[in-house]
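Chain naming here is simple, since letters A, B, ... match the order of the sequence lines and numbering starts at 1 in each. Quick caveat: nothing in here was measured; it's all calculated off a predicted structure.
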2 protein chains.
Amino acid sequence: MKNSRSVGELLREKREEKGLLLRHVSAELDIDTAILSKIERGERKANKEQIIKLAEILDLNKEDLVVQYLSEKILYEIKDEELGEKALKVAEQQIKYNNKKNSGQ
Amino acid sequence: MKNSRSVGELLREKREEKGLLLRHVSAELDIDTAILSKIERGERKANKEQIIKLAEILDLNKEDLVVQYLSEKILYEIKDEELGEKALKVAEQQIKYNNKKNSGQ
DNA sequence: ATTCAACTTGACAATATTTGTCAAATATAA
DNA sequence: TTATATTTGACAAATATTGTCAAGTTGAAT
């Protein structure tokens, strides 16, 4: 497997690497430091807009960060579901089927 | 692919097959007929509890219905996302990795 | 064409969840 | 200790979800 760091881990790592404080980054996001702290520790989820901004502020690869973010959203959705893994596979099938259809195949 | 009917289609088909009216089924669910109508036509989502009850009332395979229900929830979550499909795959990988870990491998 | 039952629609209300603030508590370091 | 950074939890505001209701539409049977 490639990279398995959570969004929060990625954010905190990079922020510290850059020597930025919560207050610096949260100011740019226009939120309280408390929320960013929670996001970094996985206690709260960021929203899409914040993820984009964070990628920019911290020079993180935007696509990688968004993919990890969406993946966590999906996993959150099915975290207590026995049938979650099955549902994931069905969802993939249904996306693929749709792609096919809409590309004229 | 096996079965690609949406939750709504499954519900309406089976309800009509059984000769039940919206009012019969919605009474058992303790909601207005309007909502059930919308659920069947895909205009609203049911919640988990309702899905379970509906499977019972309509003699639908509970597992199949729940899987389709969860799949639709997942797809809804990423419907406007370019990176949705990628995120789905990452989510699967991460579930698998977790399974491994927690089974002592 | 009128009537009747089933269903649909959309405006709105209630409730739940998400997203945020703030102030106090806890580290960490000088 | 003092100062700064982070964390915590109670609460408030904003948003999304879930529901009701009443009026509108549809279709079948007079």
Side-chain angles (χ1 to χ4, degrees), chain A residues 6-55 57-58 65-66 68-81 84 87, chain B residues 6-55 57-58 65-66 68-81 84 87:
Chain A
S6 71
V7 166
E9 284 168 346
L10 289 169
L11 296 177
R12 175 144 298 185
E13 238 169 59
K14 203 66 188 293
R15 175 174 64 78
E16 292 182 338
E17 216 175 287
K18 299 201 120 199
L20 296 170
L21 299 178
L22 283 177
R23 118 176 97 81
H24 297 135
V25 177
S26 65
E28 290 213 54
L29 293 179
D30 195 28
I31 56 174
D32 196 275
T33 59
I35 294 186
L36 185 54
S37 167
K38 285 166 187 170
I39 290 171
E40 287 184 347
R41 286 171 301 105
E43 195 185 308
R44 290 242 184 143
K45 285 175 299 179
N47 61 38
K48 181 84 183 292
E49 199 190 341
Q50 292 166 339
I51 288 295
I52 299 297
K53 261 196 172 175
L54 282 164
I57 295 167
L58 300 176
L65 192 63
V66 169
Q68 181 59 34
Y69 164 71
L70 291 175
S71 168
E72 285 175 22
K73 262 178 76 167
I74 291 167
L75 291 171
Y76 179 79
E77 195 81 22
I78 59 176
K79 67 180 181 325
D80 301 321
E81 296 292 345
Chain B
S6 70
V7 166
E9 285 167 347
L10 289 169
L11 295 177
R12 175 144 298 185
E13 238 169 59
K14 203 66 188 296
R15 176 174 64 80
E16 291 183 339
E17 215 176 288
K18 299 202 119 199
L20 296 170
L21 299 179
L22 283 178
R23 107 177 106 81
H24 298 136
V25 177
S26 65
E28 290 213 55
L29 292 179
D30 194 28
I31 56 175
D32 196 275
T33 59
I35 294 184
L36 185 54
S37 166
K38 285 166 186 170
I39 289 171
E40 287 184 349
R41 285 172 301 105
E43 195 186 311
R44 290 241 184 144
K45 284 176 297 178
N47 61 37
K48 181 84 183 294
E49 199 190 341
Q50 292 167 339
I51 288 295
I52 299 296
K53 263 197 169 174
L54 283 163
I57 296 167
L58 300 176
L65 191 63
V66 169
Q68 180 60 34
Y69 164 71
L70 291 175
S71 168
E72 285 174 21
K73 262 178 76 168
I74 292 167
L75 291 172
Y76 179 80
E77 195 81 23
I78 59 175
K79 68 179 182 326
D80 300 321
E81 296 292 346

Check your understanding: Within 45° of the ring axis of A/Tyr76 and under 6.0 Å from its six-membered ring centre, is that where the NZ or CZ of A/Lys73 lies?
Key -> no
Review point. Is the shortest side-chain N/O distance from B/Arg41 to OP1 or OP2 of C/dT9 below 4.0 Å?
Key: yes
Revision key, fill the gap. Here the distance between atom C1' of D/dG9 and atom CZ of A/Arg44, to the nearest Å, is 10 Å
Exercise for review: Give the rounded distance in Å between these two atoms: CG of A/Leu21 and C1' of D/dA3.
Suggested key: 13 Å
**Study point:** OP1 or OP2 of D/dT17 under 4.0 Å from side-chain N/O of B/Gln50
**Key:** no
Check your understanding: Atom CD1 of B/Ile39 to atom P of D/dG19: distance rounded to whole Å?
Key -> 7 Å
Review point. Ignoring hydrogens and angles, does a donor from either the side chain of A/Lys38 or the base of D/dG9 sit under 3.5 Å from an acceptor on the other?
Key: yes
Revision key, fill the gap. When B/Arg15 and A/Lys45 are each assigned the nearest nucleotide of DNA chain C, the 5'-most assignment goes to B/Arg15
Check your understanding: Over how many whole Å does the gap from A/Leu29 atom CG to C/dT21 atom P extend?
Key -> 11 Å
**Study point:** A/Arg12 vs D/dT7: side-chain N/O to OP1/OP2 distance below 4.0 Å
**Key:** yes
Point to revise | Side-chain (B/Ser26) to main-chain (B/Leu22) donor-acceptor, under 3.5 angstrom | key: yes
Point to revise | B/Ser37 vs C/dT8: side-chain N/O to OP1/OP2 distance below 4.0 Å | key: yes
Point to revise | Main-chain N/O of B/Glu13 paired with B/Glu16 side-chain donor or acceptor, under 3.5 Å | key: no
Review point. Considering heavy-atom distances to DNA chain C, does B/Glu16 or A/Asn47 have its closest nucleotide positioned more toward the 5' end?
Key: B/Glu16
Point to revise | Integer-rounded Å distance: C/dA14 C1' and B/Ile31 CD1 | key: 16 Å
Review point. Distance-only, no hydrogens or angles: does the B/Lys53 side chain make a donor-acceptor pair with backbone N or O of B/Glu28 under 3.5 Å?
Key: yes
Check your understanding: Does the distance from a Lys or Arg side-chain N to an Asp or Glu carboxylate O, for A/Arg15 and A/Glu40, drop under 4.0 Å?
Key -> yes
Point to revise | Atom-pair distance (CG on A/Asp32; P on D/dT8), nearest Å | key: 14 Å
Review point. Roughly how many Å is it from CD in A/Glu43 to P in D/dT6, rounded to a whole number?
Key: 16 Å
Check your understanding: A/Leu22 has an atom CG; how far is it from atom P of D/dA5, in whole Å?
Key -> 10 Å
